[in-house]
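Working notes, structure below.
Every chain is numbered from 1, with letters handed out A, B, ... down the list of sequences.
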Amino acid sequence: MEQSDRLHMPLFSIRIVKDLTGLTPRQIRYYESHGFVQPARTEGNQRLFSFADVDRLLDIKQLLEQGVNMAGIKEMLDSRRKEERKNEQEREESKRVHEKIKWEALHQGNAYKASMIQGQLSHFFH
DNA sequence: GTTCTAACA
DNA sequence: TGTTAGAA
């Protein structure tokens with residue numbers, strides 16, 4: 001996860017988020033207090049929401065409109081976080097394996113080239 | 001003027 | 001959840 005990712009850049013005041021989502025500032029703060037979003041803060045302690053925060057709030061709103069209660073949303077969020085952790089672990093493992101294969105290929109390749117050169121040179125001395 | 005937290009209807 | 005009070 002990069003901080004430079006446009007999705008996660010802290011950009012919007014709570015008023016903009018209110019206009020974007022149709023939620024009241026009261027609801028937005030309430031959902032934050034339950035961990036549904038984690039907006040950044042300015043030096044003056046005012047919330048700054050990212051595109052990702054807005055998207056998540058829209059998801060929350062839709063779920064609420066469909067009759068899902070707070071506990072249900074919390075479960076979905078927890079399972080989603082679990083999935084993200086799993087994916088990140090898999091990415092790191094995949095990266096490790098890739099590095100290992102690359103390292104081995106490099107060394108095997110050098111040994112192979114060296115033996116080839118020796119083999120080719122040997123033709124001139126026989 | 002806007003947003004924050006806390007508290008109460 | 002809405003609304004209000006007093007402070008940033």
Check the surroundings of atom CD in Q62(A): do more than 12 heavy atoms from other residues, nucleotides or ligands lie under 6.0 Å from it? no
Evaluate salt bridge (charged side-chain N to carboxylate O under 4.0 Å, His left out) for R96(A) paired with E93(A), printing each intermediate quantity in order. CA-CA 5 Å; R96(A) 269 195 49 239; E93(A) 173 66 9; 2.7 Å; yes
Are R85(A) and E88(A) ion-paired here, with the side-chain N under 4.0 Å from a carboxylate O? no
Can you tell me if M70(A) has over 12 outside heavy atoms packed within less than 6.0 Å of its CE? yes
Return no unless some side-chain N or O of T24(A) is found under 4.0 Å from OP1 or OP2 of dG2(C). yes
Rounded to the Å, how far apart are N69(A) CG and dT1(C) C1'? 16 Å
To the side chain of R15(A), which of dT3(B), dG2(C), dT1(C) is closest? dT3(B)
Atom pair distance, as rounded to whole Å: CG in L64(A) and C1' in dT1(C): 12 Å
Rounded to whole Å, the CD-P distance (Q27(A) to dT1(C)) equals 4 Å
Length of the line joining I16(A):CD1 and dT2(B):C1', which is rounded to integer Å: 12 Å
Looking at R6(A), I want to see if its CZ is surrounded by more than 12 non-hydrogen atoms of other residues, nucleotides or ligands under 6.0 Å. no
According to a strict under-4.0 Å criterion, is S13(A) in side-chain N/O contact with OP1 or OP2 of dT3(B)? yes
Take Y30(A) and F36(A) through the ring pair (Phe, Tyr, Trp, His ring centres under 6.0 Å) test and state the conclusion after the steps. CA-CA 9 Å; Y30(A) 183 65; F36(A) 297 168; 8.2 Å; no
For R56(A), which residues count as a side chain to side chain donor-acceptor pair (under 3.5 Å) partner, sequence neighbours excluded? none
Please work out which residues in residues 33-51 of chain A have a non-hydrogen atom less than 4.0 Å from an atom of DNA chain B and list them by number. R41(A), N45(A), Q46(A), R47(A)
Distance check: side-chain N/O of Y30(A) vs OP1/OP2 of dC4(B), anything under 4.0 Å? no
Has the side chain of R29(A) got a donor or acceptor atom sitting under 3.5 Å from an opposite partner on the base of dT5(B)? no
Whole angstrom is fine here: how far is it from CD1 in I28(A) over to P in dT2(B)? 15 Å
Take atom CD of E32(A) and atom P of dT1(C), then tell me their distance rounded to the nearest Å. 15 Å
